Amino acid sequence: MNESDTPRVDFVRQIIVDDNESGKHDGRVQTRFPPEPNGYLHIGHAKAICLNFGIAKEFDGKCNLRFDDTNPEKEDVEYVESIKEDVRWLGFTWDNLHFASDYFEKLYEMAVQLIERGDAYVCSLSAEETREYRGGWNKEGRDSPDRERSVEDNLDLFARMRKGEFSDGEYTLRAKIDMNSPNMNLRDPAMYRIRHAHHHRTGDQWCIYPTYDWTHGQSDSLEGITHSICTLEFENHRPLYDWYVDRLQIFHPQQIEMAKLKLTHTIMSKRRLRELVEGGFVNGWDDPRMPTLSGYRRRGYTPESIRNFCHRIGVTKFNSQTDVGLLEQSAREHLNAIAERRMAVLQPLKVVIENYPEGESEIRAAINNPEDESAGTREIPFGREIYIERNDFMEDPPKKFFRLGPGREVRLRYAFFLKCHDFVKDESGEIVELRCTYDPETAGGKAPDGRKVKGTIHWVSAAHAVDAEVRLYDRMFEKEDASEVPEGEDWKDYLNSKSIEVLSGCKLEPSLQDGDSNTPYQFERLGYFCKDNKDSTPGSLVFNRTAALRDSWAKQQKKK
RNA sequence: UAGCCCGUGGUGUAAUUGGCAACACGAUGGAUUCUGGUUCCAUUGUUCUAGGUUCGAGUCCUAGCGGGCUAACCA
């Protein structure tokens, strides 16, 4: 299963197919992914990335990476670098790398053109006054007192704005469109604002900065973008972008709007994600609980699984909310196919095998991946003392419990049948040790006498185990729709307090000592794990749980 | 309140453009299994409502209802 298993013709691709048939751009297809470098990329961006780069690939076209860096006060090179890294990690290569800031000079010239045509003017209204003059949905707008300023004066003022003769906010350049348009974007929108701010790329070269609305369409046009895909909230902006390129008489890209991704138990707002980072609610942008690409990467998601997820959710104009479970399922599906199996005991309970000779050990062979024969086998040490999972033993087990209990027999994976005879409790009544015997005749996993066991459990040899810290993650928010919070409440109050659980003293089979953070493992019967790419060292291993295995036993228990 | 956009199983999406409503995921039941995983089989449906056009409507028209976006010198 992958992105190509079912060819998808969503409404965006349908438009392109139609355009190619009508010869609109002579079959040329040019897209772009245009992030603002003011935060890290999240899974919602992945949807846009897969769409834009995917379309370019499918239609033998090109896709640019363009940074829409028009707001120096919020942007930073740190974000530029992380965005590039994330796009590459997802598996895409851009044809051209652009920055809207590279077009500042060109944009300035275009603004002058509009002034000369009488389509733009310098306005002295303050931000507040501008809002006041704009009116509202049922309120007509009023013309700025500067609306009829002469072309000469506008030109002069605009030049002086650039020279730095004025202070922040003193003047703006505005498009002269229609102060009574029902579309607010057309009520003489701002094109330039004065900001004596340092830009991460142009430095102090400029003190006037073009607004996004003035920049975006022309940037697309300059790059020859044939299909400019964006999200639904820009629908109302399209008439403005069209107006600009038509007045300028330059190449006219077609904007297509689609719904952005919304996931259950997750937020996608960059502002809020930043708040979590800056407020210390999470451990950075790449915290494995974050819906950022760097977070998913650290957590162990593969690029393939994210691409496959993006393929599955499709593209429409309908505001929907996708179950985060679908993303987890995509991760499991890919990991199941590629991850080598290992045994790891997260909550160890010591087992002494009384009839196994003291001081001795042996090697058991285990299959690395039943889904992939070429992954081969490995050797695992076995001995008199082993660890098993605490919850694989019950002092007083119910009938449907297939694991260990007093007098019960189970199979140790890739080893022997094991029977429990007794257990030891400490003063507090907690079980600290099991006394068991094994049947050496069951080495192949089957008993010569034909007796059967209900369950197979995983284990790690106590003498050979390596210790590790294991971090379990759960959904970031308890609330299904985390972006919708009742009036007067803080969205952060809905954070899941159990979104991370840190287990220490976990016992792993020795082979887990090696390998890097890019190697995914399935810990048998538990889930998919990987080494933490920041905190794990050879002397102090740290593993992250990418996703738990489906657990029909746990599900059954929950129902009761 | 105005403009624009959108309503199809529990969820996400299809429906060759007016011709038997389908796919994936989940859920439920069963089979297989040295992972209570994987795999396999089965079950799960008033296309928001009401009219209209038509031999025939998820698709076209009208009205209603519901949802989203928009009144930053953010993007």
Side-chain angles (χ1 to χ4, degrees), chain A residues 1 5-6 8-10 14 34-36 38 68-71 73-75 123 125-128 130-132 134-139 141 168-174 181-187 189-195 208-209 211-213 215-216 230-239 257 259 264 270-271 309 311-323 325-326 329-330 332-333 336-337 341 343 366-367 370-371 400-403 410-415 417 442 444-446 453-458 522-527 548-556:
Chain A
M1 289 276 204
D5 61 354
T6 27
R8 201 174 260 288
V9 184
D10 48 63
Q14 189 59 56
E36 185 194 14
N38 68 342
D68 275 340
D69 52 352
T70 56
N71 186 352
E73 286 160 328
K74 291 185 176 169
E75 296 153 8
C123 178
L125 255 26
S126 70
E128 258 168 59
T130 307
R131 193 181 322 129
E132 166 73 30
R134 186 161 30 234
W137 291 316
N138 271 333
K139 207 170 147 213
D168 287 4
E170 211 175 326
Y171 286 105
T172 54
L173 182 73
R174 292 224 263 163
S181 172
N183 183 343
M184 292 298 153
N185 295 120
L186 266 20
R187 316 253 266 223
M191 295 166 62
Y192 278 91
R193 67 284 213 193
I194 301 174
R195 288 283 179 284
I208 56 172
Y209 288 95
T211 60
Y212 173 85
D213 274 350
T215 309
H216 188 78
C230 65
T231 47
L232 252 25
E233 68 268 32
F234 292 102
E235 240 162 359
N236 297 327
H237 296 238
R238 179 160 25 92
E257 306 88 5
T264 57
K270 259 204 251 183
R271 206 191 82 244
F309 168 75
H311 174 258
R312 284 178 173 180
I313 58 175
V315 183
T316 66
K317 301 191 72 152
F318 180 62
N319 286 299
S320 57
Q321 186 172 34
T322 302
D323 191 335
L326 188 63
Q329 182 54 28
S330 299
R332 279 193 206 100
E333 195 174 298
N336 176 53
R341 319 282 120 133
M343 290 207 280
I367 294 166
E371 309 291 318
K400 289 291 199 89
F401 187 77
F402 300 152
R403 286 107 98 151
V410 296
R411 176 166 37 231
L412 293 174
R413 178 127 242 233
Y414 297 125
F417 282 14
T442 57
K446 287 192 173 68
V453 288
K454 276 288 187 47
T456 301
I457 64 173
H458 60 278
Q522 184 197 102
F523 289 178
E524 296 228 17
R525 303 209 304 134
L526 296 174
L549 247 34
R550 276 225 300 235
D551 188 346
S552 50
W553 167 247
K555 209 182 287 174
Q556 217 177 101

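It should be emphasised that the depicted structure is a prediction, and the values quoted were computed from it without experimental measurement. Every chain is numbered from 1 and lettered A, B, ... according to where its sequence line falls, protein lines coming before strand lines.
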Practice task
Whole angstrom is fine here: how far is it from CZ in A:R271 over to P in B:rA72?
Solution key: 16 Å
Exercise for the section: Kindly say whether the aromatic ring centers of A:F401 and A:W553 come within a distance under 6.0 Å. Expected result: yes
Practice task
In whole angstrom, give the distance that lies between atom CD of A:E73 and atom P of B:rC73.
Solution key: 14 Å
Exercise for the section: Look at all strands and tell whether A:T70 reaches a base, only sugar-phosphate, or nothing, counting heavy atoms closer than 4.0 Å. Expected result: sugar-phosphate
Exercise for the section: Name all residues meeting the salt bridge (charged side-chain N to carboxylate O under 4.0 Å, His left out) criterion together with A:E371; count only those two or more places apart in sequence or in a different chain, and write none if there are none. Expected result: none
Practice task
Please work out if A:G325 contacts a base, only the sugar-phosphate, or nothing of the nucleic acid, heavy-atom cut-off 4.0 Å.
Solution key: nothing
Problem - Nearest-angstrom distance from the residue atom CG of A:N71 to P of B:rC73 - result: 12 Å
Practice task
State which residues pass side-chain contact (heavy atoms from CB on, under 4.5 Å) with A:S126; sequence neighbours excluded, sorted by chain then number.
Solution key: A:E128, A:E129
Exercise for the section: Check side-chain contact (heavy atoms from CB on, under 4.5 Å) between A:P182 and all other residues, then give those that pass, not counting sequence neighbours. Expected result: none
Completion exercise
Sequence neighbours excluded, the answer for side chain to side chain donor-acceptor pair (under 3.5 Å) partners of A:K446 is none
Handout entry: Partners passing side-chain contact (heavy atoms from CB on, under 4.5 Å) against A:T211 (at least two apart in sequence or in another chain)
Key = A:A190, A:R193, A:D213, A:W214
Practice task
Tell me what A:E132 touches on the nucleic acid: a base, only sugar-phosphate, or nothing, going by heavy atoms under 4.0 Å.
Solution key: nothing
Exercise for the section: Answer with base, sugar-phosphate or nothing: what part of the nucleic acid does A:I194 contact at a heavy-atom distance below 4.0 Å? Expected result: nothing
Practice task
Round to a whole Å and report the spacing from CD1 of A:I313 to P of B:rG26.
Solution key: 17 Å
Exercise for the section: Kindly compute the distance separating CD1 (A:I194) from OH (A:Y171), expressed to the nearest 0.5 Å. Expected result: 8.5 Å
Practice task
Any chance you could list the contact pattern along nucleotides 31-41 of chain B? Use B for base contacts, S for sugar-phosphate-only contacts and - for none, protein heavy atoms under 4.0 Å, 5' to 3'.
Solution key: ---BBBBS---
Exercise for the section: Between B:rU8 and B:rA22, how far apart are the C1' atoms? Round to whole Å, please. Expected result: 11 Å
Practice task
Indicate whether OP1 or OP2 belonging to B:rU13 is found under 4.0 Å from a side-chain N or O atom of A:S320.
Solution key: yes
Handout entry: Between P of B:rU13 and CG of A:D10, the distance in whole Å
Key = 11 Å
Exercise for the section: In whole angstrom, give the distance that lies between atom CZ of A:R312 and atom P of B:rU11. Expected result: 18 Å
Exercise for the section: Identify whether any heavy atom of A:T316 sits under 4.0 Å from a base atom; if not, whether one sits that close to sugar-phosphate; answer base, sugar-phosphate or nothing. Expected result: sugar-phosphate
Problem - OP1 or OP2 of B:rC74 under 4.0 Å from side-chain N/O of A:R195 - result: yes
Handout entry: Which residues share a salt bridge (charged side-chain N to carboxylate O under 4.0 Å, His left out) with A:R403, sequence neighbours left out
Key = A:D392
Handout entry: C1'-based separation of B:rA2 from B:rA71 [nearest Å]
Key = 11 Å
Problem - Short side-chain donor-acceptor distance under 3.5 Å, A:H458 and A:R413 - result: no
Fill in the blank from the handout: With both pairing distances under 3.5 angstrom for Watson-Crick or G-U wobble, and | for a partner in another strand, the correct string for RNA chain B is .((((((..((((.....[..))))((((((.......))))))...(((((..]....))))))))))).....
Problem - Partner set under side chain to side chain donor-acceptor pair (under 3.5 Å) for A:R332, not counting sequence neighbours - result: A:Q329
Practice task
With syn defined as a glycosidic angle within 90° of 0 and anti as everything else, classify B:rU17.
Solution key: syn
Practice task
Decide, yes or no, whether a salt bridge links A:K74 with A:E36 under the criterion of side-chain N to carboxylate O below 4.0 Å.
Solution key: no
Exercise for the section: For nucleotides 64-71 of chain B, just jot down a letter per nucleotide in 5' to 3' order: B, S or -, based on protein non-hydrogen atoms under 4.0 Å. Expected result: ----SBBB
Exercise for the section: Indicate whether OP1 or OP2 belonging to B:rA27 is found under 4.0 Å from a side-chain N or O atom of A:K555. Expected result: yes
Practice task
Check the distance between B:rC74's P and A:K74's NZ and give it to me in whole angstrom.
Solution key: 8 Å
Fill in the blank from the handout: In whole angstroms, the gap separating P of B:rC25 from NE2 of A:H311 amounts to 13 Å
Practice task
Return the set of residues passing side chain to side chain donor-acceptor pair (under 3.5 Å) with A:K270 (not counting sequence neighbours), or none when no residue passes.
Solution key: A:N38
Exercise for the section: Determine the interatomic distance between C1' on B:rA57 and the same-named atom on B:rG19; round to the nearest Å. Expected result: 10 Å
Fill in the blank from the handout: Per the O4'-C1'-N9-C4 / O4'-C1'-N1-C2 angle with a 90° window around 0, B:rA72 comes out syn
Exercise for the section: Would you please name every residue forming a side-chain contact (heavy atoms from CB on, under 4.5 Å) with A:L549, sequence neighbours left out? Expected result: A:Q522, A:Y528
Practice task
Look at the side-chain N and O atoms of A:T130 and state whether any lies under 4.0 Å from the OP1 or OP2 oxygen of B:rC73.
Solution key: no
Practice task
Could you work out the separation of B:rU47 and B:rU13 based on their C1' atoms and round it to a whole Å?
Solution key: 13 Å
Practice task
Determine the interatomic distance between C1' on B:rA21 and the same-named atom on B:rC4; round to the nearest Å.
Solution key: 30 Å
